[in-house]
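Everything on this sheet refers to the single structure shown next.
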Amino acid sequence: MAIGEIVVIVMFLTTFACLLAGFPVAFTLSGVAALFGLFAYAFGVFDISFIRAMPQRIFGNAMWNEVLIAVPLFVFMGVMLERSKVAEELLEAMGRLFGGLRGGLGLSVIAVGALLAASTGIVGATVVTMGLLSLPTMLRRGYDPKLATGAICASGTLGQIIPPSIVLVILGEQISNAYVDAQRSIGNWSPEPVSVGDLFAGALLPGMVLVVLYMLYMIFVAWLRPAAAPAIPRGELGDDWREAWRRTGRALVPPIVLIIAVLGSILGGIATPTEAAAVGAVGSLILAGARLAPEGGTRIARSAGGAPLYAAGGALIVMMILAGQFDLVITRAGVGAPAIAAFICCALLVYGIGTSLWRVWRAGVLVPVMRSTMQISAMVFVILIGAALFSLVFRGFGGDDMVHEALSNIPGGVIGAMLVVMLIMFLLGFFLDFIEITFVVVPIIAPVLLQMDINPIWLGIMMAVNLQTSFLTQPFGFSLFYLRGVAPRTVRTSEIYRGVIPFVIIQLAALAVLGFFPELTTWLPSVVFD
């Protein structure tokens, strides 16, 4: 074994030990890489030019990367929707609608988790919100604590696979770079680009499959063990079904319209993921402003206070349609009707943004949302910088050649290599967060796999579903910690750990289904983007 390969193995073990000791991820990655690189350079076994390339790497891959601008925008969208009580209203409405069925509360939690996944995409906020709102109700209604906690943790992680997802944005950028490197290494200097939009389209069907599997499991448990998921007596739900449906519509329509606007603009080719993220951020701000209408007066007066903001949201959607269908450039020939309509919509939108900012600031929501957005975005980008330095030093020691040789020599060819990689990522999920795995492991492994003629969209979605399990696996499953922090004391930690096991098995089953049927990930992108 060469000296470089030995150093690579020791560097990985040192990084792993530092992470388990509790050192910050970003500083561990950059610190270990810098120490090993400088130490090896002092003994003449490392080319320092790899570290000298770090400023250009940051400048090119982070500062000038338009795709990564979507990360803080989607984070802002998710935090704003979470603070504007969207989840609370959805859970209450869906609980009243389906609570009369056995397992109805569990189905409501899964359905709301899927909706929040498509609108917020932040696991921590979703799990904590549903844990605070739905877990006490489910326990009071006689639900098995293991089933209730498992459903909340699992449905909270749907934001990692259902777009728009921060994981898919980060993973899409890494897969795109790895695909370009892999194609150039085999002599193709003009490869077809792989975008975040491709991964968004490819993740829609697998995300829906996962939601259906969760619901089928809930229905099966309610049928097999009725006492574990009892129905709410009809008398407690009320007899006015019209009011229940009306309340559900008020809770569902605004976030669904926002989801359609964001995803529809991407899949329809109207906007890039970054532009769609801006639409989502503005839409979430307007929705929060409408929900935080001034208190006092009649219900009609409060609804009227939110009507102009909903009109501003509609103007945003009209502007997107006009931008996709007409040329809005003003020329000497005059101003066309579409441009005039766009100007009117723009004026409405400016009014809506200003009014919404004033309302969320007066409600004490704006400052916490901005602070959370800054903290989460800073964490992601600092880890990106540390992982970039780690990747450069890793390649400087010849680690990429070692990985390529190891995967190429695995029995079974492409299938064997994929199985080993999926197993490694699954085991790493027991100890590392999805961000570390995405920034450190994917740039090392993905180029090797993509040289084996693997579809990059299928590979990205397989990795995303695999990374989703990292939130549920012991001992460092973040969903488990999030729920433990807000769960009543009567719920034991062991019950939370045991409750997520069936859902981890369901996720692994979904991973196997995607492995046998890659068309679930490649069909929609091929139809939408041709």
Side-chain angles (χ1 to χ4, degrees), residues 74 78 87 90 94 97-98 103-104 106-123 126 130 150-169 171-172 196-220 248 252-253 255-268 273 276 280 455 457-469 471-472 502-529:
F74 278 134
L90 281 173
M94 298 292 285
L97 194 61
F98 298 110
L107 294 176
S108 300
V109 166
I110 296 172
V112 172
L115 288 172
L116 292 179
S119 56
T120 65
I122 301 177
V123 170
T126 304
M130 293 198 299
I152 292 173
C153 287
S155 57
T157 64
L158 289 171
Q160 302 306 293
I161 187 62
I162 297 179
S165 163
I166 299 174
V167 173
L168 293 177
V169 173
L171 192 59
V196 175
D198 293 324
L199 260 65
F200 277 11
L204 270 178
L205 288 180
M208 295 301 102
V209 168
L210 206 53
V211 172
V212 170
L213 291 177
Y214 286 169
M215 288 185 168
L216 290 176
Y217 173 73
M218 182 63 64
I219 293 172
F220 174 75
T248 304
L252 282 176
V253 170
I256 287 179
V257 170
L258 182 61
I259 293 168
I260 294 175
V262 174
L263 292 182
S265 62
I266 298 174
L267 301 181
N455 187 290
I457 300 175
W458 176 70
L459 177 63
I461 303 305
M462 290 284 287
M463 288 182 170
V465 176
N466 200 335
L467 290 174
Q468 188 180 352
T469 62
F471 282 90
L472 301 178
F503 293 93
V504 173
I505 295 174
I506 291 174
Q507 290 181 350
L508 294 178
L511 193 65
V513 171
L514 295 180
F516 284 107
F517 301 100
E519 295 80 9
L520 288 173
T521 64
T522 58
W523 175 77
L524 189 57
S526 66
V527 172
V528 172
F529 301 114

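This is a predicted model, so every value here is computed, not measured.
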* What are the two closest non-hydrogen atoms of Ala114 and Val211, and how far apart are they? -> CB-CG2, 3.8 Å
* To do: Please report the shortest heavy-atom distance between Leu171 and Gly460, naming the atom on each side.
  => CD2-O, 3.1 Å
* **Distance-minimising heavy-atom pair for Gly197 and Pro273** => N-CG, 3.7 Å
* To do: With rounding to the nearest 0.5 Å, note down the distance linking CG in Leu467 to OG1 in Thr157.
  => 11.5 Å
* Sequence neighbours left out, what passes side chain to side chain contact (heavy atoms under 4.5 Å, CB included) with Leu514? Give chain and number order. => Pro206, Ile461, Met462, Val465, Leu520, Thr521
* Asked: Taking atom CG of Leu511 and atom CG of Leu210, what is their separation to the nearest 0.5 Å?
  -> 10.0 Å
* Asked: When rounded to the nearest 0.5 angstrom, what is the spacing between OG in Ser155 and CG in Leu107?
  -> 11.0 Å
* Test side chain to side chain contact (heavy atoms under 4.5 Å, CB included) on Gln468 and Leu158 and set out the steps. => CA-CA 8 Å; Gln468 188 180 352; Leu158 289 171; 4.0 Å; yes
* To do: Examine distances only and state if a side-chain atom of Gln160 and a backbone atom of Val167 form a donor-acceptor pair shorter than 3.5 Å.
  => no
* Looking only at non-hydrogen atoms, find the nearest pair between Ala203 and Pro163 and report the distance. => CB-CD, 4.1 Å
* Not counting sequence neighbours, which residues clear ring-ring contact (aromatic ring centres under 6.0 Å, His included) with Phe503? List them please. => Tyr214, Tyr217
* Asked: Is any side-chain heavy atom of Asn466 less than 4.5 Å from a side-chain heavy atom of Gln507?
  -> no
* Looking at Leu213 and Ala510, what are the two nearest heavy atoms and their distance? -> CD1-CB, 4.1 Å
* Structure fact -> Heavy-atom closest pair (Ile161 atom, Leu168 atom, distance to 0.1 Å) is O-CD1, 3.7 Å
* **Euclidean distance, Ile506 CD1 relative to Leu216 CG, rounded to 0.5 Å** => 8.5 Å
* Evaluation steps, side chain to side chain contact (heavy atoms under 4.5 Å, CB included), between Leu204 and Leu263 -> CA-CA 10 Å; Leu204 270 178; Leu263 292 182; 4.2 Å; yes
